[in-house]
Structure formats: structure tokens, C-alpha cells
Asks: 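Quick one: this structure, given as C-alpha cells, is what I'll be asking you about.
Keep in mind that what you see is a predicted model, and the values were worked out from it rather than measured.
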Amino acid sequence: MLCVFALSLFGCELRFGAAPTATPVATTIPTPRLTVAWTEANGDLFAWREDERTPRRIASGGVIAPYLAPDGEQVAFTRGTQGDPVSLWAVGIDGTGAEELVTAGDIPAQRSGHAEIAQVAWLDDQTVYFNTRQRADSGAVNDDTLYRVALDAANPVPELILPSGAGGNFAIAPGGTAIAVISAGVYDTQKGRVSLLDPLGARVREALTFTAINTPDEAPFYPPLDWSADSAFVRIAIPDHDGDRVTLWRAASNGAAQIFGYVTATRDGLPVWSDGHMLYLQANPTGGFDLISADANGENAQVYASGAIERPRWLADGDYFVYALDGALWIGQRGDSPRPLNSAAEHMIVAGEWVITAQDGLRATSINGESVLITATATSFDAVRAP
């Protein structure tokens with residue numbers, strides 16, 4: 001019987017010399033590059049890349065604040081007149097494909113005001129999350145909502161994930177597997193709350209309640225949320241209402257919340273974590289602050305530096321950190337002396353091993369001292385380091 005079809009069924013074996021040996025295909029891992037997006041006073045949006053050097057204008061008019069996608073290929077940005085962020089847009093880093101994701105009027109108005117876009121963050125390279133607030137003549141009030149909008153949808157529209165009062169400030173886990181949201185509550189009236197949910201909001205669970213920090217006549221205080229690198233848990237530092245004692249909570253993505261330590265820290269200097277260590281600010285008797293380096297649970301605390309210290313931040317490697325002191329930015333490392341980086345600035349973003357600041361121009365400085373002046377003027381900015 002001839003072997004024509006389904007050779008294996010008839011036990012036929014055809015050999016035409018030795019079997020070929022597969023040749024491994026060399027793969028090249030792209031080198032991460034720094035991408036920066038910023039707005040200028042005239043409301044135009046610009047972008048710059050480390051390997052291109054020359055900035056380009058990618059949107060014109062009414063732009064308020066940019067938010068870069070994790071891969072640096074898209075920029076979400078708020079837009080409106082007189083600094084009123086009533087709409088949300090996205091555009092490619094090359095200035096193509098501009099699209100309005102949220103228009104003025106898409107979000108319901110409440111309390112005789114109008115809705116504004118507040119916090120904005122990317123889940124992945126195609127999905128943006130945001131929350132809202134209501135603006136009236138008397139000021140702005142947070143809605144404590146959560147919305148999402150997918151850029152790859154045929155007709156991108158905002159999708160309500162958590163209604164007013166059920167959301168709050170939010171943090172997306174690395175890899176986009178889960179989202180943590182925190183509501184501030186009101187002292188002696190309403191508990192603060194941390195909830196965990198999947199990206200579509202199909203499963204929402206209350207992970208933690210806590211005594212709120214702000215009184216009814218104070219602005220809401222949202223303790224920061226800090227995910228572990230493996231997305232296994234989110235850390236929350238909850239300060240006491242009337243003191244500097246801070247309780248360290250850890251809410252597991254698939255389990256209960258538990259206390260894992262205590263520290264004494266100022267509200268403006270609450271702990272920031274790398275996976276193995278933390279930094280926080282502690283008031284000292286001289287009227288200044290001590291920058292404290294400690295294990296992730298607050299143990300083995302050591303004073304690293306003292307003075308009018310502000311804004312300690314970890315760099316991406318979790319080894320180096322940066323902070324402002326005496327009009328300069330300093331690079332620090334546990335077990336090593338700090339060294340000056342450049343002039344301090346009111347705004348600072350960390351992207352990989354780069355620190356981006358806006359003071360006397362938008363400048364990027366790496367931990368090895370390389371410094372690049374990107375532009376002379378910038379009103380708001382964002383940066384990522386990605387392939």
C-alpha cells in the first residue's frame with residue numbers, strides 16, 4: 001500500500017537523509033530608553049526620547065497634564081480651558097492617532113458642579129483608568145469613583161467600574177492583575193476603606209477599614225498604596241489621627257489584611273518601600289527631619305540623613321534612592337554616603353535610573369551623573385523608561 005496520506009496510520013516511514021538540526025535564532029533584547037512627555041504654558045504637548053534628542057510637538061492647545069503608557073508609545077492627557085481637566089485624550093508618541101477618550105459631559109455632574117478628570121493611570125499599553133471630582137464655585141470635591149477606557153475598542157467610551165463613594169485613590173498592581181482603591185473616610189464619622197478588585201470590577205472585596213485621619217472641615221487624606229513587585233500584596237501606612245505613630249498594614253491580593261509593623265513618621269514623610277526596605281521621615285528635636293532607612297517592616301531603623309528633607313523616593317532597582325535637602329537632590333544607598341545629584345525642584349519623577357525634575361528647565365539626571373536639559377519650560381510632565 002502506498003503511503004500517501006496519514007502516513008503514521010499505516011506504519012509507513014519515509015527517510016530522506018539525516019534530520020535537519022534547528023539553528024537557534026539569536027534574540028536581541030531592546031535597550032530601555034527614557035521617554036519624557038510634558039506640557040508648556042501655551043497648552044501644547046511635547047515628547048522627547050533618549051535616543052532621538054530632538055523634542056517634537058504631539059498635541060496643540062488646552063493640554064493640562066500628560067500620562068505616559070508603560071511602553072512609552074502612547075500618551076494619555078487631560079485637556080480643558082483655564083486648567084480645567086474636563087476631557088481625556090490619547091495620542092501616539094509620534095503625534096499620530098489622537099483620540100478623545102472622555103468628552104466633557106460623559107461623566108455625570110453632581111452637587112451643582114461639573115465633573116473633572118482627577119487621577120489617571122495605565123493598566124497596560126491599551127487601557128487607562130481614572131477617577132473624578134466635582135468642581136463648583138466653592139471648590140472641588142472628590143467623587144471616589146473608578147472608570148476605565150480601552151484604546152483598542154472600536155469606539156472607546158468610559159466604563160464605570162466603581163460608582164461614586166465606592167472608589168477613591170487607586171494603585172494598579174504590577175502586570176495589571178489587580179487594583180487597590182482607598183477612600184479617606186471622615187474622622188469619628190465614617191471609616192476609611194481599602195478595597196481590592198480585578199481590572200473589570202467583577203469581584204470587589206473590602207480588605208481593610210481604618211480610622212479616618214481627616215475631620216469634616218479638613219481636606220480628605222488618602223494614605224498611599226504601595227504594591228509589592230510580585231503583586232502578592234499591597235502595603236498601606238495608616239497614621240494616627242492625633243500623632244506620628246504609623247501602623248503598617250499589608251493586604252494580600254488573595255487573603256486577609258494584617259499588621260506587619262509600626263513606625264513613627266510625619267504625614268508628609270510616610271514610608272515608601274522597595275521590596276526589602278523602606279524610607280520614611282521622622283521629626284527630630286531640632287525642628288528638621290531624619291531620613292530613616294529600615295527593613296520593610298520598620299525594624300533595624302537607621303538615620304541616614306538629617307535636615308529639611310523632602311520627597312524620598314526609591315529608584316527602580318530598589319537599591320538607590322533620591323531625596324531633596326538644602327536646595328539640592330541627593331542620591332543615597334544603604335551603607336554608603338549620599339552624594340549631590342543636582343538642584344532640587346518642587347516636582348520630581350523617577351524613571352528607571354533617571355530622575356526628572358522641572359526647575360530652571362526640564363532636566364533628566366541619571367544616578368551616574370549624566371544630565372540632559374530637555375527643554376527650558378514645562379508646566380507638567382511624566383516619564384517612563386522602557387524598550
Asks: Hydrophobic clustering (ILVMFWY, side-chain heavy atoms < 4.5 Å, transitive) - are I179 and V194 grouped together?
Replies: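 Unlinked, V194 and I179 end up in two clusters.
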Asks: Donor-acceptor pair, distance only, cut-off 3.5 Å: does the side chain of N368 make one with the backbone of E370?
Replies: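 Between the backbone of E370 and the side chain of N368 there is a qualifying donor-acceptor contact (under 3.5 Å).
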Asks: Check for a donor-acceptor pair, side chain of D143 on one end and backbone N or O of S164 on the other, with a separation under 3.5 Å.
Replies: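 Such a contact is absent between D143 side chain and S164 backbone.
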Asks: Can you measure from CG (L68) to CZ (F381) and round to the nearest 0.5 angstrom?
Replies: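 Those atoms lie 11.5 Å apart.
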Asks: Strictly by modelled atom types, are Y222 and N142 linked by a side-chain donor-acceptor pair under 3.5 Å?
Replies: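 Note: Y222 and N142 side chains meet the donor-acceptor criterion.
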Asks: Could you measure the distance from the OH atom of Y67 to the CG atom of L88? Nearest 0.5 Å is fine.
Replies: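 Atom-to-atom, Y67:OH and L88:CG are 8.5 Å apart.
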Asks: Is the shortest side-chain N to carboxylate O distance from R49 to E73 below 4.0 Å?
Replies: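 Salt bridge: yes.
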Asks: State, yes or no, whether a side-chain contact exists between L162 and Y147 at a heavy-atom distance under 4.5 Å.
Replies: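 Counting from C-beta outward, L162 and Y147 never come under 4.5 Å.
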Asks: Check whether the side chains of N42 and D44 place a donor and an acceptor atom closer than 3.5 Å, and report yes or no.
Replies: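 Checked: N42/D44 side chains pair up, N/O donor to acceptor below 3.5 Å.
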Asks: Could you tell me whether the side chain of Y129 reaches within less than 4.5 Å of the side chain of P199, counting heavy atoms only?
Replies: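 Counting from C-beta outward, P199 and Y129 do come under 4.5 Å.
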Asks: Whether the W249 and T247 side chains hold a donor-acceptor pair (N or O, under 3.5 Å, no angle test) is what I'd like checked.
Replies: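 No, because no side-chain N or O of W249 sits under 3.5 Å from a partner of the opposite role on T247.
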Asks: Go through the steps for F321 and L291 under the test side chain to side chain contact (heavy atoms under 4.5 Å, CB included), then give the verdict.
Replies: CA-CA 11 Å; F321 50 87; L291 174 60; 4.0 Å; yes
Asks: We want to know whether R363 and S371 form a side-chain donor-acceptor pair, criterion being a heavy-atom distance below 3.5 angstrom.
Replies: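 Note: R363 and S371 side chains meet the donor-acceptor criterion.
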Asks: Looking at D71 and D125, would you say the former's side chain and the latter's main chain have a donor-acceptor pair under 3.5 Å?
Replies: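 Between the backbone of D125 and the side chain of D71 there is no qualifying donor-acceptor contact (under 3.5 Å).
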Asks: Hey, does the side chain of S293 reach the backbone of L279 with a donor-acceptor pair shorter than 3.5 angstrom?
Replies: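 Judged by distance alone, no pair lies under 3.5 Å.
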Asks: Inspect the contact between D240 and R267 and indicate whether a charged nitrogen and a carboxylate oxygen are less than 4.0 angstrom apart.
Replies: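 Between D240 and R267 there is no salt bridge, as every charged N stays at least 4.0 Å from the carboxylate O atoms.
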Asks: With side chain to side chain contact (heavy atoms under 4.5 Å, CB included) as the test, would you mind laying out the steps for L248 and W273 before giving the verdict?
Replies: CA-CA 11 Å; L248 309 179; W273 281 272; 4.0 Å; yes
Asks: When clusters are formed by joining ILVMFWY residues with side-chain heavy atoms under 4.5 Å apart, either directly or through shared neighbours, do L225 and L197 land in the same one?
Replies: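 No, it is not one cluster - the side chains of L225 and L197 are not joined through contacts under 4.5 Å.
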Asks: With no hydrogens and no angle check, just 3.5 Å: does a side-chain donor-acceptor pair link T132 and Q119?
Replies: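 Absent: no donor and acceptor within the cut-off.
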Asks: Taking T379 for the side chain and T39 for the main chain, is one N or O donor matched with an acceptor at less than 3.5 Å?
Replies: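 Yes.
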Asks: Same cluster for M348 and L373 if Ile/Leu/Val/Met/Phe/Trp/Tyr side chains link at under 4.5 Å?
Replies: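 No, it is not one cluster - the side chains of M348 and L373 are not joined through contacts under 4.5 Å.
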Asks: Quick one: do R79 and E100 make a salt bridge, cutoff under 4.0 Å?
Replies: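 No salt bridge links R79 with E100.
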Asks: Under a 3.5 Å cutoff, is there a donor and acceptor pairing between the side chains of N131 and T145?
Replies: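 No, no side-chain donor-acceptor pair sits under 3.5 Å.
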Asks: Any luck finding a side-chain donor-acceptor pair between T266 and D268 under 3.5 Å?
Replies: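 Side-chain D/A pair, T266 to D268: absent.
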Asks: Can you list everything that forms a salt bridge (charged side-chain N to carboxylate O under 4.0 Å, His left out) with R133? Sequence neighbours excluded, please.
Replies: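 Expected list: E116.
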Asks: Just verifying a value: how many Å separate S228 OG and D275 CG, rounded to the nearest 0.5 Å?
Replies: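 One gets 6.0 Å once the value is rounded to the nearest 0.5 Å.
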Asks: Say you draw a straight line from CG of D317 to CD of Q333; how long is it, rounded to the nearest 0.5 Å?
Replies: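 If I round to the nearest 0.5 Å, the distance is 8.0 Å.
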Asks: Atom OG1 of T211 and atom CD1 of I213: how far apart are they, to the nearest 0.5 Å?
Replies: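 Spacing of OG1 (T211) from CD1 (I213) equals 8.0 Å.
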Asks: Would you give the length of the straight line joining atom CD of Q74 to atom CG of D94, rounded to the nearest 0.5 angstrom?
Replies: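 Rounded to the nearest 0.5 Å, the CD-CG separation comes to 9.0 Å.
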Asks: Less than 4.5 Å apart, any side-chain heavy atom of P158 and any of R148?
Replies: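 No; the side chains remain at least 4.5 Å from each other.
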